[in-house]
2 protein chains.
Amino acid sequence: MSKQFTIQQISQITGLTAHTLRYYEKIGLLDGVARNESGYRKYRESDLLWIDFLIRLRETRMPISEMKQFSDLRSQGKATIKERRTLLERHQNKVTKQIADLKENLLKIEHKIAHYKALEEEDI
Amino acid sequence: MSKQFTIQQISQITGLTAHTLRYYEKIGLLDGVARNESGYRKYRESDLLWIDFLIRLRETRMPISEMKQFSDLRSQGKATIKERRTLLERHQNKVTKQIADLKENLLKIEHKIAHYKALEEEDI
DNA sequence: CATTGCTTTAGAGTGCGCTCGAACGTGTAG
DNA sequence: CTACACGTTCGAGCGCACTCTAAAGCAATG
């Protein structure tokens with residue numbers, strides 16, 4: 001029998017607040033979180049893994065609307081695997097571009113820092 | 001005598017809308033944009049360079065409040081160069097971390113894609 | 001069996017970064 | 001002179017992603 005978690009535990013593990021976890025469930029990012037007899041949520045290991053993946057999508061700037069699309073495909077079962085892969089590959093490209101752009105911007109920032117250093121030297 | 005630009009030209013060059021350019025000026029990110037006799041903005045080359053740098057800060061997720069701080073230091077002249085450098089160095093660290101995080105997340109996304117591919121193979 | 005602290009829901013509120021609209025002035029082509 | 005495109009200001013509105021509140025129920029401790 002696999003471990004179960006309360007909303008607070010999931011909150012601590014993932015860093016999302018309980019509010020955000022309920023919100024994600026409400027908008028359909030988390031499907032079918034189980035409940036105990038009194039209606040309290042009990043998260044399974046699989047929920048945790050899914051939430052962790054959602055966090056990665058969010059950190060790579062996937063909009064919630066797209067995360068929702070992806071979640072919807074997921075809950076439709078294995079018939080949608082190809083479609084999910086396509087969606088992820090499109091996102092992969094965007095992330096790759098983000099990294100390239102950040103690197104370019106980082107260079108410019110570093111140049112500016114170097115420029116400031118030079119100006120500081122002059123004034124000694 | 002250096003070239004001057006209308007707000008529409010700056011908009012086309014930078015990709016910011018005229019609305020956004022006015023907004024940035026209003027909140028103090030753009031200091032002292034010149035005007036012609038009838039009150040129309042005329043941007044100089046130096047304004048353009050500054051706007052481009054602001055865009056880089058924005059693309060690297062610097063919040064507007066921090067961009068404002070930086071702008072304010074800038075308009076106080078060369079006495080603030082050291083402070084500006086410090087601010088940029090802090091930001092540089094954040095950007096470096098962003099890149100590392102994105103790379104890690106990209107890996108996980110790629111693993112998921114590979115996993116989907118494997119599942120697709122199974123079903124042939 | 002009372003207190004304290006956790007859970008639930010629905011719905012309202014917030015902060016960020018724009019984005020737009022209204023009302024009005026300017027510049028230029030026919 | 002008349003369109004009509006482009007400029008101005010001020011303030012309101014918007015989309016996103018949470019974030020919080022209120023009112024109520026459940027759980028654990030002394």
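Naming convention: chains lettered A, B, ... in sequence-line order (proteins, then strands); numbering from 1 in each chain.
Within a heavy-atom distance below 4.0 Å of DNA chain C, the residues of residues 37-60 of chain B found are B:Ser38, B:Tyr40, B:Arg58. For DNA chain C, the neighbouring residues in residues 16-25 of chain B, judged by any heavy atom under 4.0 Å, are B:His19, B:Thr20, B:Tyr23, B:Tyr24.
Residues in residues 54-96 of chain A take part in these ring pair (Phe, Tyr, Trp, His ring centres under 6.0 Å) pairs, two or more places apart or across chains: A:Trp50-A:Phe70.
With salt bridges taken as basic N to acidic carboxylate O contacts below 4.0 Å, none links A:Lys108 and A:Glu104. Ion pair B:Arg56/B:Asp52 not flagged as a salt bridge, since none of the NZ, NE, NH1 or NH2 atoms sits closer than 4.0 Å to an Asp/Glu carboxylate oxygen.
More than 12 non-hydrogen atoms from other residues, nucleotides or ligands lie less than 6.0 angstrom from NZ of A:Lys112. Within a 6.0 Å sphere centred on CZ of A:Arg44, heavy atoms belonging to other residues, nucleotides or ligands number 12 at most.
Heavy-atom nearest nucleotides on DNA chain D were determined for B:Ile7 and for A:Ser65, and the one closer to the 5' end corresponds to B:Ile7.
B:Leu87 places a side-chain heavy atom less than 4.5 Å from the side chain of B:Met62.
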Problem set entry | Annotated protein contacts, base or backbone, on nucleotides 11-16 of chain C with a non-hydrogen cut-off under 4.0 Å, one of B, S, - each | B-----

Result block: side-chain N/O donor-acceptor pairs under 3.5 angstrom for residues 20-33 of chain A, not counting sequence neighbours:
{"residue": "A:Thr20", "atom": "OG1", "partner": "A:Thr17", "partner atom": "OG1", "Å": "2.9"}
{"residue": "A:Glu25", "atom": "OE1", "partner": "A:Arg41", "partner atom": "NE", "Å": "2.6"}

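Look at CZ on A:Arg35: it is 14 Å from P on D:dA27, rounded to the nearest Å. Atom CZ in A:Phe5 sits about 19 Å away from atom C1' in C:dC6, given to the nearest Å. We find that CG of A:Leu29 is positioned 11 Å from C1' of D:dA17, with the value rounded to whole Å. Atom CD in A:Gln9 sits roughly 19 Å away from atom P in C:dG5 (whole-Å rounding). Rounded to whole Å, atom C1' of C:dT8 lies 11 Å from atom CG of A:Asn36. One interatomic measurement links the two molecules: CZ of B:Arg61 to P of C:dC18, which rounds to 14 Å at whole-angstrom precision.
Both A:Ile55 and A:Tyr43 belong to a single network of hydrophobic side chains, linked directly or stepwise wherever heavy atoms of I, L, V, M, F, W or Y lie under 4.5 Å apart.
Not one side-chain nitrogen or oxygen of A:Gln8 sits closer than 4.0 Å to the OP1 or OP2 atom of C:dC6.
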For this session: Quick one: do A:Lys117 and A:Glu121 satisfy salt bridge (Lys or Arg N to Asp or Glu O under 4.0 Å)? Show the steps, please.
Result: CA-CA 6 Å; A:Lys117 276 186 183 159; A:Glu121 293 300 317; over 6 Å; no

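With sequence neighbours left out, B:Gln98 forms a side chain to side chain donor-acceptor pair (under 3.5 Å) with no residue at all.
Pairing each heavy atom of B:Leu88 with each of B:Leu57, the nearest pair is CD2-CD2, 4.1 Å.
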